[in-house]
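Shown next, in structure tokens, is the structure this report addresses.
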Amino acid sequence: MILTEDVVFNALKRTWQPVANSESLEAGKVMGYTLLETELVIARFANGAVLAADVACPHKGARLSAGCIRDGELMCPYHGWRFDEKGACQSIPSLLEPNPDKQALSHLKTYATQERYGFIWVKLDPSLPANGEAHELPDIPEFEDARWTYRMGPPMKFQAGWRREVENYLDMSHFAFAHSSTLGVSADPRIRDMTITVQDDGGYQMDAPFPALDNNHEMPGKLQSAHHRRQRSYLPNFTTIRQSFHDGDERVLVHIPSPNTRESCTCFWSLAISPGFRGPAPESQIEFAVKVLDEDRQMCELQMPREVPINPTRGGWGVLVMPGDTLANTFQKQLRRWLSASVETKVTPN
Ligand code: FES
Ligand SMILES: [Fe+2]
């Protein structure tokens, strides 16, 4: 099947995608975010409710992301029109008398939101894919277990398509090169004992031993030691890495490249650390991960074209070697299956 980038974005519009870390949007804050080429205003009201709506004001199109919360309502910076948490227009200051008809016409186009795992998620399109199953977030119990320690990573923008980023996150053969200044020059570039299994939900899982690393410049300590790595990917772009160390300690990372445009994405990520973890403090683990992720950003931004082709001809995904590129291939194959299923028919719920 020939797929297009429109098909990709339309399918992703029916999935939950992160747009902000919850903690960065305190009550009274208004921000902008471009999700799948849709420019949004995201605002949190005094009662904690989050509004996600098209950014253009219904009056003259000013970006509401430049507005503010005034007396409990979202106010446009241009002529002061105000909207409540559901997007209903509550006042048009230039009118001598309220005009309910004009206000009704001025309702913002809003989108479903939810907060989970420390992120604000938006679903742009409520219609269902051909299989009739609404996209839901996977359950990651470690992130909802009070005994574990959580830390949110700062979102990082990549000038590269979201599939480039997914591939990078799955890539086991770049550590010794792209991360030589953080993870260590002695990282073994050879891939061994990698097991990939396709899951019932269409996602896939990779299990592999991760070798001990050695680096004189960085001292992540425990994080350099040999461990077992389990990577679980949920389509289309939600990945977790579970690192199990020999002493029983564990870390789980959640990682989602939220597509901004066809050639840029923002990585949202967070970390769950098992109870009594013997190793660096959570803050220094985040600090170290930021350095590693920034190296990944540089590699993704070096790649041509900026997005992985969705219809590879022979060699269209590049010159591949096994087993290093097997996981990226699994991603592309499973993604194509998922996309093909999503375009068969479109069912709109009543
Ligand atoms: S453009 Fe928003 S109130 Fe006029
Ligand atoms: Fe990397």
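Order of listing sets the numbers, starting from 1, for every ligand and every atom in it.
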May I ask you to determine how many protein N/O/S atoms are under 2.8 Å from atom 2 (Fe) of ligand 1?
2
Can a salt bridge be assigned to the pair Lys291 and Asp294 using a cut-off of 4.0 Å between side-chain N and carboxylate O?
no
Please say whether the positively charged group of Lys222, taken as NZ for Lys or CZ for Arg, lies over the ring of Phe245, i.e. under 6.0 angstrom from the six-membered ring centre and within 45 degrees of the axis.
yes
Single-linkage hydrophobic cluster, 4.5 Å side-chain cutoff, Phe45 and Tyr33 together
no
Report the relative orientation of the aromatic rings in His255 and Tyr169; use parallel for angles under 30°, tilted for 30 to 60°, perpendicular for over 60°.
parallel
Glu250 side chain near Val252 side chain, heavy-atom distance below 4.5 Å:
no
Can you establish whether the number of heavy atoms outside Arg63 located under 6.0 Å from its atom CZ is more than 12?
no
Nearer than 2.8 Å to the Fe ion (ligand 2), the protein contributes N, O or S atoms numbering 4
Describe, in one word, how the ring planes of His79 and His59 are oriented to each other, choosing from parallel (under 30°), tilted (30 to 60°) and perpendicular (over 60°).
perpendicular
Give me the atom names and distance for the closest heavy-atom approach of Gly67 to Pro77.
CA-CD, 3.7 Å
Lys/Arg cation over aromatic Phe9: Arg262, 6.0 Å, 45° cone:
yes
